[in-house]
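I have placed the structure first, in the form of structure tokens, so that the comments after it can refer back to it.
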Amino acid sequence: MNEIKKDPEINEEQLAKINKFTRRAFKKDEIYSFSVILCDNEVDRDNEAFTVDALSKLARLYIGKTGIFDHNHKGANQTARIYDAAMETDQNRITKTGEKYHYIKASAYMVRSEKNKDLILEIEGGIKKEVSVGCSMAKHLCSICGNNRKTAICKHNPGKTYNGKLCYVILDEPTDAYEWSFVAVPAQKGAGVVKKHQVPKETVTGKDVSMIESVNDIIKSMGKGDCMLDKSRIEAIAEEIKSLQAEAEMGRKYRSELQTEVLRLNFLAGEPFLQKTIKSISQKMDISELVSLKQSLSSIKKDSQGENMDFQLNPAEKSQNLSSQNEFKI
């Protein structure tokens, strides 16, 4: 099902659909048309699978999308465009998960030109036949626990089996379809799919560091110069920045509270003349140093709650003071 196939001679209905995307009306002999399987509901090499509902929605989203090479979003790589697409069902095929096999079959066209002559020949010769799609999905559900790996913690590893059940990521609710590409090795054996952010790793602070590749992985890729920031990756980075900002604000608040507590404890320890010095020093300390200083001052306070810090007079002083006061009684 992963082959690109040349369509029969273009009919008038197909030509009308194609000409919706052109600036002038093209004739049949000016257009090369072929069919392509974009993606399906089989569990792929990345241990992911689209839902049937997702495929149905993606089929509509892919109409009008451009075909490029290796997901390189340069305008020079645009080579074909989808003018029709629909989800189809193979009643004789069952997926690994026991579902009927569904797939998106699309019709694409390119202009017959000197530039495209070799590509058309390679398509005809079966050299260029594997494709992969670039899209964004709102839900990346764990097949074991059902958690959305984009927004919730999931400790299951795609590709592993739990109590006899395969763990894989269920892709649902497509939000955008970017492009489709000619590739050498697609993620899906029947077609191919490129998802966002895709590194099955542990989830941190309730956010998916899997689907969205972790932000650290994206940054590493950027450092190597081989990372494209599509919409989904930008959303992941923005979400991570938002989380880091919230955590930073909490840290600043906690540090301020520690500084206030250190000054209070220093005063109670009977060293008020050191307040300015302690305040100056505490402003340069990190949180761990402030915690240590707080603990030290707390122990001094406890030791000083005895005779040294007891502002009440001891019994002998009280007796002497009272006798002294009696002399002035009226």
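Quick caveat: nothing in here was measured; it's all calculated off a predicted structure.
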Counterpart residues, side chain to side chain donor-acceptor pair (under 3.5 Å), relative to [X] (two or more places apart):
X: R24; answer: E30
X: H102; answer: T89
X: N147; answer: none
X: S256; answer: none

If you measure only the distance, is there a donor-acceptor pair under 3.5 Å linking the side chains of [X] and [Y]?
X: D40; Y: Y101; answer: yes
X: E124; Y: Y32; answer: yes
X: S136; Y: T175; answer: yes
X: E179; Y: S181; answer: yes

Spell out, as yes or no, whether a donor-acceptor pair under 3.5 Å connects the side chain of [X] to the backbone of [Y].
X: D44; Y: N47; value: yes
X: N148; Y: A152; value: no
X: E42; Y: K96; value: yes
X: N116; Y: V111; value: yes
X: S296; Y: S292; value: yes
X: D286; Y: E289; value: yes
X: N19; Y: F26; value: yes
X: R255; Y: M285; value: yes
X: Y83; Y: S33; value: no
X: S280; Y: K276; value: no

Within the 6.0 Å centroid threshold, strictly below: W180 and F182: yes
What's the shortest heavy-atom distance between [X] and [Y], and which atoms?
X: L61; Y: A177; value: CB-CB, 3.8 Å
X: C142; Y: H156; value: SG-ND1, 3.6 Å
X: I287; Y: G251; value: CD1-O, 4.0 Å

Gap between atom [atom2] of [Y] and atom [atom1] of [X] - 0.5 Å precision:
X: I31; Y: M110; atom1: CD1; atom2: CE; answer: 10.0 Å
X: E261; Y: L258; atom1: CD; atom2: CG; answer: 8.0 Å
X: S107; Y: F34; atom1: OG; atom2: CZ; answer: 9.5 Å
X: K100; Y: N92; atom1: NZ; atom2: CG; answer: 9.5 Å
X: E247; Y: Q245; atom1: CD; atom2: CD; answer: 11.0 Å
X: H140; Y: C154; atom1: NE2; atom2: SG; answer: 12.5 Å

Spell out, yes or no, whether [X] and [Y] are grouped together once hydrophobic residues are joined by side-chain heavy atoms under 4.5 Å, including indirect joins.
X: M137; Y: V52; answer: yes
X: L141; Y: V43; answer: yes
X: L119; Y: I68; answer: no
X: Y254; Y: L293; answer: yes
X: V36; Y: I127; answer: no

(request) I would like to know whether L290 and S282 meet side chain to side chain contact (heavy atoms under 4.5 Å, CB included); could you show each step before the answer? (result) CA-CA 7 Å; L290 284 169; S282 67; 3.7 Å; yes
Is the number of heavy atoms from other residues, nucleotides or ligands within 6.0 Å of NZ (K28) greater than 12?
yes
- Task: Using the side chain to side chain contact (heavy atoms under 4.5 Å, CB included) rule, take L263 and K279 through it: C-alpha gap first, then chi angles, then the decisive distance, then the call.
- Result: CA-CA 7 Å; L263 292 174; K279 183 177 181 180; 3.8 Å; yes
*asked:* Any heavy-atom pair between the side chains of E48 and P158 that's under 4.5 Å?
replied: no
Do the non-hydrogen side-chain atoms of L55 and Y103 ever get within less than 4.5 Å of each other? no
Only distances under 3.5 Å count here; give the side-chain donor-acceptor pairs of residues 163-174 to other protein atoms, sequence neighbours excluded, each with its distance to 0.1 Å.
residue, atom, partner, partner atom, Å
K165, NZ, S143, O, 3.0
D172, OD1, T51, OG1, 2.8
E173, OE2, K139, NZ, 3.1

**Study point:** Evaluation steps, side chain to side chain contact (heavy atoms under 4.5 Å, CB included), between R264 and T260
**Key:** CA-CA 6 Å; R264 187 184 73 84; T260 300; 5.7 Å; no
Sequence neighbours excluded, the answer for salt bridge (charged side-chain N to carboxylate O under 4.0 Å, His left out) partners of D53 is K57
- Item | side chain to side chain contact (heavy atoms under 4.5 Å, CB included) between Y109 and F21, intermediate numbers included | CA-CA 10 Å; Y109 77 93; F21 299 100; 3.5 Å; yes
